[in-house]
Amino acid sequence: MHDIRLIRDNPAAFDAGLARRGLEPLSAAILDEDARWRSVSTSLQEGLARRNEASKAIGAAMGKGDSATAEALKAEVAALKTRLPELEAEEKALAEAIRDRLAAIPNLPAPDVPEGADESGNVEAHHWGEPRSFNFAAQDHADFGPALGLDFEAAAAISGARFAALRGQMARLHRAIAQFMLDQQTGTNDYEEVNPPLLVRDDAVFGTGQLPKFAEDLFRTTTGHWLIPTAEVSLTNLVREQILPESALPLRFTALTPCFRSEAGAAGRDTRGFIRQHQFEKVELVSICTPDQAADEHAHMVASAQAILEALGLPYRRMLLCTGDMGFSAAKTFDLEVWLPSQGVYREISSISTCGDFQARRMNTRYRPEGEKGTRFVHTLNGSGLAVGRTLVAVLENYQNADGSVTVPDVLVPYMGGLTELTPR
RNA sequence: GGAGAGGUGGCUGAGUGGUCGAAAGCACCGCACUCGAAAUGCGGCGUGCCGGCAACGGUACCGUGGGUUCGAAUCCCACCCUCUCCGCCA
């Protein structure tokens with residue numbers, strides 16, 4: 001949610017930011033509506049002031065037993081009452097229209113975000129590890145996975161396309177990856193573990209920015225709840241409508257949760273394999289902090305996610321997303337992309353964004369700066385640390401052997417009860 | 001799911017339809033007293049929006065949204081949430 005005052009103060013800068021996102025200028029239309037709202041609002045307030053004044057006088061007159069004056073004043077206020085409801089309705093409609101308009105505008109990119117129309121404009125910022133050279137043709141996990149317990153057919157019979165069942169060693173490896181990640185994030189990386197609600201209300205999803213524009217990407221229950229598409233929703237909204245003491249910041253949260261995405265519009269993309277599912281698990285990282293802390297928190301979050309890939313020995317690169325590839329709420333995003341040998345490409349496995357006060361405004365989350373009076377909006381950041389399903393895919397493909405077995409990465413062996421290899425049946 | 005009770009400022013907690021944005025206490029801030037501190041005394045102490053350079057003025061907010069009224073924290077309706085008891089249940 002944008003601050004209308006910033007748009008009033010510097011409409012050109014606002015439109016320039018939109019232009020970097022590839023959007024038409026909107027400030028003129030917004031400010032026009034804003035001017036009308038202020039005019040109506042002022043008239044309304046003047047009317048209310050007159051009404052309040054007269055009502056007080058009526059009270060005073062009645063207190064003195066002067067019913068003649070009271071009745072005269074009542075008649076006067078009654079006349080006002082025909083106009084006030086109209087003004088009220090008009091004011092409300094305009095305020096709502098402005099809010100709806102602002103709520104649908106994405107965050108503006110940070111100054112150091114490169115301009116670009118789509119993912120081809122992203123810039124590599126860092127890479128780690130060398131893709132392993134295979135002495136056989138690296139296979140696709142969708143091909144050798146089923147013999148190791150990755151069951152697409154049974155899941156399709158139960159739930160349809162884009163679902164999978166993990167069985168035996170495969171289920172164990174998936175769990176091992178998730179537990180390892182969660183232990184790292186809660187331990188060395190200092191995030192507080194949270195087990196949050198997976199079903200959430202409109203307000204929460206609005207707060208992080210998935211609503212109102214992206215309802216079709218979400219699942220909704222018959223009770224009106226939404227299934228979270230990412231724990232970012234639950235974790236960030238943990239502080240919604242709160243005023244936090246500055247000393248409490250930064251707050252760092254992590255959660256291992258299922259995520260549910262309808263994948264509307266993704267028909268035909270990544271239909272094979274475990275890459276794009278309606279349901280997947282992810283270890284999410286969220287930071288709630290002051291504006292001054294945000295850059296460091298972003299760096300810490302990036303490092304926390306990268307550390308997982310490095311511990312697992314998975315080659316990756318870090319991309320600075322360009323303006324055209326960033327999500328709705330983000331001001332600046334790094335994606336981590338892991339090497340998938342079967343496809344010979346790097347695939348997104350983590351996305352780490354700083355959102356400025358964009359989400360904080362939508363959630364009304366503020367803090368009290370020490371030594372200042374009043375409150376300011378917090379900054380929020382979120383990132384995957386990491387997506388469990390895609391990490392499973394990366395481990396399978398990077399650690400596959402010619403005989404269809406998969407070597408368990410060293411750090412996961414303790415989580416596998418000592419099992420060092422997945423063997424085909 | 002059924003029955004009941006309740007949602008008021010950072011917290012506790014008053015509030016008769018009419019100077020109630022709201023008593024009081026606690027907490028907090030400033031000042032005084034003190035060598036210093038405690039105790040005590042005095043003063044201050046909510047948020048949003050609009051106007052104003054500012055001082056300040058106006059307006060809204062007592063769970064949320066409607067309604068009644070000249071006027072609603074107070075009356076009416078709906079919803080949300082919390083607590084207690086019963087039922088069901090991992």
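Numbers restart at 1 for each chain; the letters A, B, ... are given by sequence-line order, proteins then strands. These values consider heavy atoms only, across backbone and side chains, with no hydrogens, waters or symmetry-generated copies.
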Self-check item: Counterpart residues, salt bridge (Lys or Arg N to Asp or Glu O under 4.0 Å), relative to A/Glu281 (two or more places apart)
Solution: none
Self-check item: Any residue meeting side chain to side chain contact (heavy atoms under 4.5 Å, CB included) with A/Leu84, in chain and number order, not counting sequence neighbours
Solution: A/Leu44, A/Leu48, A/Arg51
Quiz item: Who passes ring-ring contact (aromatic ring centres under 6.0 Å, His included) against A/Tyr367, sequence neighbours left out?
Solution: none
Quiz item: Under the side-chain hydrogen bond (donor to acceptor under 3.5 Å, both in side chains) rule, what pairs show up with a residue in residues 10-21 of chain A, not counting sequence neighbours?
Solution: A/Asp15-A/Ser27, A/Arg20-A/Glu115
Exercise. Check whether any side-chain nitrogen or oxygen of A/Arg38 sits under 4.0 Å from OP1 or OP2 of B/G51, and answer yes or no.
Key: yes
Quiz item: In whole angstrom, what separates A/Met1's CE from B/G48's P?
Solution: 16 Å
Quiz item: What residues, two or more places apart in sequence or in another chain, satisfy ring-ring contact (aromatic ring centres under 6.0 Å, His included) together with A/Phe14?
Solution: A/His2
Quiz item: Which pairs, with at least one residue in residues 203-215 of chain A and sequence neighbours excluded, count as a side-chain hydrogen bond (donor to acceptor under 3.5 Å, both in side chains)?
Solution: A/Thr208-A/Gln210
Quiz item: Counting any heavy atom closer than 4.0 Å, what does A/Arg8 reach on the DNA or RNA strands: base, sugar-phosphate only, or nothing?
Solution: sugar-phosphate
Quiz item: Using a 3.5 Å cut-off on both pairing distances, which stems of three or more Watson-Crick or G-U pairs include RNA chain B?
Solution: B:1-7 with B:80-86, B:10-12 with B:24-26, B:28-32 with B:40-44, B:46-51 with B:56-61, B:63-67 with B:75-79
Set out, line by line, the N/O atom pairs under 3.5 Å between protein and nucleotides 75-82 of chain B.
{"unit_1": "B/C80", "atom_1": "O3'", "unit_2": "A/Arg201", "atom_2": "NH1", "d": "3.4"}

Quiz prompt | A/His141: ring-ring contact (aromatic ring centres under 6.0 Å, His included) partners, not counting sequence neighbours | solution = none
Quiz prompt | Any residue meeting ring-ring contact (aromatic ring centres under 6.0 Å, His included) with A/Phe219, in chain and number order, not counting sequence neighbours | solution = A/His278
Quiz item: Has A/Arg5 got a side-chain N or O lying under 4.0 Å from the OP1 or OP2 atom of B/C49?
Solution: yes
Quiz item: To the nearest angstrom, how far is A/Lys56 atom NZ from B/C20 atom P?
Solution: 8 Å
Quiz item: If you draw a 6.0 Å radius around CZ in A/Arg220, do more than 12 non-hydrogen atoms from other residues or ligands fall strictly inside?
Solution: yes
Practice problem: Please name all residues satisfying side chain to side chain contact (heavy atoms under 4.5 Å, CB included) with A/Arg8, sequence neighbours left out, ordered by chain then number. | Solution: A/Ile4, A/Arg5, A/Leu31, A/Asp34, A/Trp37, A/Arg38
Quiz item: Any ion pair linking A/Arg252 and A/Glu297 (charged N to carboxylate O, less than 4.0 Å)?
Solution: yes
For nucleotides 64-71 of chain B, which of its nitrogen or oxygen atoms have a protein nitrogen or oxygen under 3.5 Å away, and what is each distance?
{"unit_1": "B/G66", "atom_1": "OP1", "unit_2": "A/Lys92", "atom_2": "NZ", "d": "2.4"}
{"unit_1": "B/C70", "atom_1": "O2'", "unit_2": "A/Ser55", "atom_2": "OG", "d": "3.3"}
{"unit_1": "B/G71", "atom_1": "OP1", "unit_2": "A/Lys81", "atom_2": "NZ", "d": "3.2"}
{"unit_1": "B/G71", "atom_1": "OP2", "unit_2": "A/Lys81", "atom_2": "NZ", "d": "3.3"}
{"unit_1": "B/G71", "atom_1": "O4'", "unit_2": "A/Ser55", "atom_2": "OG", "d": "3.2"}

Quiz item: Contact class for A/Thr42 vs. all strands (heavy atom < 4.0 Å): base, sugar-phosphate, or nothing?
Solution: sugar-phosphate
Quiz prompt | Between P of B/C49 and CH2 of A/Trp37, the distance in whole Å | solution = 9 Å
